[in-house]
Structures are given as C-alpha cells and as structure tokens.
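Excluded from the calculations below are hydrogen atoms, water molecules and symmetry mates; all remaining heavy atoms, backbone and side chain alike, are included.
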Amino acid sequence: MTAADRVDAAQLGTRSILGSGGQGTVWALDDPTTVYKEYAGEALGSLDVAALEAMVAFPAGLPDWQAASLRARAAWPTAIVQRDGRVTGLLMPRVPQPFHTRIWLTRDYQERLAQVQLLLNDQPYLAARRLAVDDRLRLELLYDVAQTMAQWHELGVVVGDLSPNNLLFSTTSRPRCYFIDCDAMRVGGRSVLPQIETPDWQTPSAGEPTGTTHTDAYKFALLCIRLFAGDQGARDAAVLRAVDPALYALATQAVTVAPADRPGLARWRETLAEALIAPGRSTAALRSPAAPTPTPAASPPGPAASPSGPSTAPAGHPRPVAVTRPARSVRRLVPLVLVAVLLLCAAPTVSSSVGTWWRGTVGAETPTNVSMSPAEQAAQVAELLAVSGRDRKRVVSAIENTIFCRNTSAAADTLGRAADGRQAALDRAEALRTDQLPNGAELKEQMILAFRHSRAADEAYQRWASRVSADGCRSPAMRGKDRTRGDSESRAAGAAKRRVAKLWNPIAESHGHPTVSHLTI
C-alpha cells in the first residue's frame with residue numbers, strides 16, 4: 001500500500017449525505033465519480049485496518065484485465081480515509097448509471113439503485129412498478145453473477161453477505177451485475193469487519209462458518225430460486241424445473257447437501273451457459289462482460305437467425321442471435337467451448353470503454369448542499385413523522401379488515417398504496433439533514449430502518465390480502481407465509497420506531513413539536 005492510497009478527511013472538500021446504515025454514512029464528494037463511506041463508532045471499534053489496507057491494494061496485484069473486470073462489477077475500495085492519523089473510512093467508486101433504474105410509484109417514476117431485491121417480487125408487483133423483466137434477463141443476470149463469483153473465488157475473494165441489498169442489476173447494458181458494500185467481503189481469508197448475514201439469507205447448517213465459498217454457493221442457489229419464484233423468502237427449487245431441468249437439479253443439490261458438497265460457482269456458470277443457449281436464447285450472454293467481444297469463430301455452434309428488434313448491447317457488441325439447441329453430444333462440449341471463449345476474452349488488452357461502466361454519476365441523487373438550522377431540521381423530521389402516522393392508521397385498518405375478512409380486495413389495494421407511501425417516506429428520510437440535532441445521525445438511521453421494515457411489512461401484507469381475496473377467507477392463505485413475513489417485518493419496524501421515539505421526543509419538546517410513540521409513526 002502506498003501513501004497515495006491514504007487520504008486525509010480534510011482534503012475531501014464539500015460533502016453531502018447520500019445514505020446511512022448500521023456501519024456508517026455514505027457521502028457524495030466534489031469528485032462525481034467517488035463517494036466516501038465514514039464508519040460509525042461501533043464499526044470503527046471492530047475494524048481490521050490491515051485487512052482494509054490489503055483490500056485497497058488488492059487490484060494492483062492483479063493482471064490488468066482482471067483488475068478492470070473487478071472494477072466493472074464492484075464498488076471496490078480505492079483508498080483509506082483518515083483524520084489525525086486515525087482511520088475513519090474509505091473511498092469507493094460511485095454506482096454507475098446503468099445500475100440505477102426507474103420504477104413507477106403511484107403517480108410518477110422515481111430513480112433509485114437497481115437493487116436485486118426489486119426483482120424478487122411477483123409479476124403483478126413488477127408490472128405495477130413498470131419493470132420490464134423476463135426469464136432471459138434473469139438468466140443473463142444469474143450467469144453474470146456466477147461468472148463474477150467464480151472468478152473471485154479463484155482469486156481468494158468471497159462475497160460472504162450475498163443478499164439482494166448488496167447486489168445491483170442492469171437492464172440496459174453489460175455487465176449485468178454490480179456489487180456494493182465490498183468491504184463486507186473476505187479477501188485471502190481476512191475480513192475488514194466481522195462477517196454478518198442478511199435475515200432470510202443465512203446458511204442452514206448449524207455452526208457452519210460464515211464467509212466461505214460454501215456459503216456463497218448456498219446463497220447463490222437461493223438467489224436463483226427466488227429470482228424465478230418472484231418471492232423474497234422462497235426455498236423450493238421446484239420453480240426452476242420449468243426453466244431448465246439442469247438448473248433445477250443443481251439448485252436442489254445446493255440447498256439439501258452438506259456444505260462441502262454444494263456445487264461451486266464454476267459449475268453454476270457452466271449450467272447457466274447451457275441454459276442460455278436453449279432455443280430462442282442468445283449466445284451473446286456467454287461473452288465475458290469485462291472483456292472484448294469474441295470473434296464469430298469463438299461462438300458456440302448453431303445456425304444464426306436474423307435479429308429482431310433493437311439491441312440493448314453496448315456499442316461494439318453484436319446484436320443477439322437465436323441458435324438451435326445442440327445435440328446431446330455437442331452439448332457436452334459446451335463447458336469446454338465456454339472456457340475457450342472466456343480465455344480468448346481474458347486477453348491482457350481491455351477495451352477502453354470498460355472504464356465507462358463504473359464512472360457513471362446520477363445528479364438526481366446528489367442532495368443540495370444547503371445550510372440548515374437545528375429548528376429547520378427538526379421541522380422536517382416532525383413533518384415526516386406526522387405523515388407516517390397518518391399512513392399507519394390506514395395500514396392498521398386494512399390489516400384488521402383482512403383478518404376479519406371484510407372487503408379484502410380493497411384492503412390489498414390500501415396496503416399496496418401504503419407500501420408506496422412508505423417508500424416515499426424512506427426516500428425522504430434518506431435525504432434528511434439531521435447533523436444539527438442531538439444524536440441526529442442515529443435518529444436518521446433508525447428512521448430509515450423503521451420505514452424500510454414498514455415498507456417490507458406493507459408489501460408482504462398486500463400479497464397476503466390479495467391471496468386471501470383470491471383464495472377465500474378459509475383458505476391456507478389466511479395464515480400463509482406472507483402474513484408471517486409481514487408480522488416479522490412489522491416487529492422489526494416497531495423496534496426501530498421505539499428508538500426513533502426515544503431519540504426524537506427530547507428534540508420535539510425543545511422545538512415545540514408533538515412527541516410520538518412507536519404506535520403513531
């Protein structure tokens with residue numbers, strides 16, 4: 001690690017908050033290609049600085065093409081930030097433009113990070129958000145994730161906390177996947193921070209070590225199942241049977257066998273490659289996203305058809321072509337052909353366009369840097385809490401109507417609109433300025449958690465009410481998994497709301513605003 005890999009916090013210039021979470025706060029900088037992650041006190045206390053130094057230095061030890069591939073698929077830390085000689089955080093690339101998406105919320109479109117969690121919903125949800133997602137895109141995304149993780153495993157990089165919150169997708173360009181929160185990964189057996197697991201994505205084996213290639217393999221299988229199930233909690237691989245029998249067999253094995261026997265990501269990559277050359281599917285997805293386009297001679301065999309419709313491939317990439325599925329004897333050669341294609345793509349010369357994948361900016365996400373007094377900040381928080389309280393009353397009424405089987409169709413509609421309202425509240429909470437308020441950072445963090453869990457609860461309850469409306473009040477849907485998930489998310493939201501009330505009420509009293517309880521947020 002060189003001196004250039006360390007930056008003094010005083011040199012960062014003007015900062016504006018982009019978001020915050022359990023580990024700390026992410027800030028936009030004057031440099032539109034870079035953001036600053038500032039660790040919170042608890043994270044700083046458990047930070048392995050030597051592991052962070054090794055992570056920052058890691059790309060420099062790779063061949064150029066591998067380093068470019070890494071940066072094309074991940075917001076990899078680029079420098080350590082310190083203040084008065086003490087590490088405070090890190091710099092990392094800003095999320096590229098292709099990994100943002102526009103979704104429809106009630107009255108208009110909103111742009112946000114294209115987190116894979118958006119895709120883990122059923123078709124009515126996707127249609128309501130006007131997200132154009134089909135099985136082709138799902139397979140391409142999974143192939144790209146498998147390819148990325150297989151390469152990283154060979155380099156000693158383990159994702160660890162593979163979850164739909166830390167993984168982004170693109171519908172407009174290749175590569176399809178992009179990883180964030182990379183400082184949670186394990187490199188060479190070392191972790192910057194203690195390994196964690198996202199709820200509902202934990203590995204099933206009691207006492208199994210976290211952050212291993214085996215846990216990555218299990219969580220990838222869950223991702224595959226849930227992406228095609230349109231369900232954030234699905235674990236039954238049967239949904240993949242109609243997609244591709246080989247994928248179904250692989251996922252079944254991954255979720256049922258002992259950790260050491262789970263299929264690795266290289267095997268997933270090969271199986272997904274075969275699935276992609278089924279009739280009507282393009283061979284274009286077999287190309288390495290971070291490498292130059294292979295020549296036609298390197299493509300898998302099969303008669304080409306004329307392309308139909310505009311291509312979404314980046315400049316320099318040919319339009320997709322349909323191919324006839326090879327005979328069984330030829331299909332056995334597909335993994336070998338794939339390896340040959342990847343080796344051809346892995347030449348040390350990388351297209352100059354690679355850099356454009358990760359230098360994107362989104363001006364709409366950058367908050368205005370306006371100075372605000374404590375009174376102004378308190379007024380904004382009070383207004384948001386008041387709006388949230390009104391939304392909550394409608395949610396409670398809709399849940400009661402569903403429980404007592406009163407107008408469940410209208411209840412489902414109310415809960416769907418409530419989820420949109422919670423999302424709007426979450427967006428406003430993420431944009432709040434609370435730096436002039438006592439315990440402002442924690443107040444904002446807990447508000448974000450409360451609205452995030454409330455949104456997830458409303459979405460689960462909406463699915464529950466819809467199924468009760470469709471299947472009947474005496475059906476298993478009345479006590480199904482959606483209600484269970486809604487209850488779980490609601491409890492998590494309640495815990496965050498109690499903390500919000502404890503932090504906010506002294507501020508409210510000092511500025512003349514109403515106090516709240518967890519039952520009124």
Side-chain angles (χ1 to χ4, degrees), residues 101-133 164-165 200 226-227 229-234 384 386-430 447-473 475-494 496-497 521:
T101 192
R102 297 174 73 236
I103 64 173
W104 181 262
L105 291 176
T106 307
R107 296 181 182 86
D108 56 12
Y109 281 101
Q110 292 189 16
E111 187 169 83
R112 62 189 54 202
L113 287 181
Q115 292 173 299
V116 167
Q117 66 175 343
L118 288 171
L119 306 183
L120 305 187
N121 289 287
D122 57 22
Q123 202 58 42
Y125 176 95
L126 297 176
R129 300 305 185 274
R130 301 185 185 177
L131 277 171
V133 180
N165 298 317
D200 287 336
R226 292 172 180 182
L227 194 58
D231 186 331
Q232 308 214 19
L384 180 52
V387 170
S388 174
R390 291 193 294 272
D391 288 343
R392 186 182 187 279
K393 292 178 182 179
R394 289 190 286 271
V395 169
V396 171
S397 177
I399 292 173
E400 289 178 349
N401 284 341
T402 306
I403 290 174
F404 293 105
C405 213
R406 299 189 297 247
N407 202 355
T408 53
S409 177
D413 182 64
T414 297
L415 290 163
R417 285 186 279 110
D420 289 346
R422 291 298 190 185
Q423 181 61 60
L426 176 59
D427 292 340
R428 288 181 62 182
E430 290 174 339
M447 288 179 69
I448 289 171
L449 281 175
F451 293 138
R452 186 174 292 153
H453 285 298
S454 292
R455 178 197 62 193
D458 293 347
E459 290 173 345
Y461 284 140
Q462 189 272 335
R463 293 192 298 269
W464 166 55
S466 294
R467 285 169 180 159
V468 168
S469 178
D471 298 347
C473 299
S475 70
M478 180 58 82
R479 297 188 177 276
K481 62 182 180 181
D482 291 313
R483 179 175 178 178
T484 300
R485 182 173 179 83
D487 291 344
S488 175
E489 292 288 352
S490 182
R491 286 192 294 270
K497 289 176 182 180
I521 299 175

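Defined by atom type and a distance below 3.5 Å, a donor-acceptor pair is present between the side-chain atoms of Ser388 and Arg422.
Side-chain atoms of Ser454 come within 3.5 Å of backbone atoms of Ala450 as a donor-acceptor pair (strictly under, hydrogens ignored). Without hydrogens or angle criteria, Gln117 side chain to Asn165 main chain gives no donor-acceptor distance under 3.5 Å. Put simply, the side chain of Tyr125 never gets that close to the backbone of Leu119: no donor and acceptor are under 3.5 Å apart. A distance-only check finds no donor-acceptor pair linking the side chain of Arg102 to the backbone of Glu111 [under 3.5 Å]. With hydrogens and angles disregarded, a donor-acceptor distance shorter than 3.5 Å links the side chain of Thr414 to the backbone of Ala410. No side-chain donor-acceptor contact under 3.5 Å links Asp458 to the backbone of Arg455. Side-chain atoms of Ser466 come within 3.5 Å of backbone N or O of Gln462 as a donor-acceptor pair.
For Arg406, the CZ atom counts as densely surrounded, since its 6.0 Å shell holds more than 12 non-hydrogen atoms of other residues, nucleotides or ligands.
Here the CD1 atom belonging to Ile448 is positioned 12.0 Å from the NE2 atom belonging to His453, to the nearest 0.5 angstrom. Atom-to-atom distance recorded for Leu426:CG and Glu430:CD is 4.0 Å, nearest 0.5 angstrom. With rounding to the nearest 0.5 angstrom, the CG atom of Asp200 is 5.0 Å from the CZ atom of Arg485. Here Ile103 contributes atom CD1 and Gln110 contributes atom CD; the two are 7.0 Å apart, rounded to the nearest 0.5 Å. To the nearest 0.5 Å, the span separating OH on Tyr461 from CG on Asp487 amounts to 3.5 Å.
Look at Arg112 and Asp427 and you find a salt bridge, because one of the NZ, NE, NH1 or NH2 atoms lies within 4.0 Å of a carboxylate O, short of that distance.
In plain terms, the two heavy atoms of Val387 and Arg428 that are nearest each other are CG2-NH1, 4.3 Å. Shortest non-hydrogen contact noted between Glu459 and Ala419 is CG-CB, 3.7 Å. Closest non-hydrogen pair, Phe451 versus Ala429, comes out as CD1-CB, 3.8 Å. When all heavy atoms of Ala398 and Leu415 are compared, the pair lying nearest together is CB-CG, 3.8 Å.
Between Leu227 and Leu120, the closest side-chain pair of non-hydrogen atoms falls below 4.5 Å. The shortest side-chain heavy-atom distance between Asn121 and Arg463 falls under the 4.5 Å cut-off.
In this structure Ile403 satisfies the side-chain contact (heavy atoms from CB on, under 4.5 Å) test together with Ile399, Trp464, Arg483, sequence neighbours excluded. Asp413 is linked by a side-chain hydrogen bond (donor to acceptor under 3.5 Å, both in side chains) to Arg417, counting only residues two or more places apart in sequence or in another chain.
Note on residues 120-131: pairs passing salt bridge (Lys or Arg N to Asp or Glu O under 4.0 Å), not counting sequence neighbours, are Arg129-Asp420.
With Ser469 as the fixed residue, the side chain to side chain contact (heavy atoms under 4.5 Å, CB included) test singles out one of Thr402, Thr408, Asn407: Thr408.
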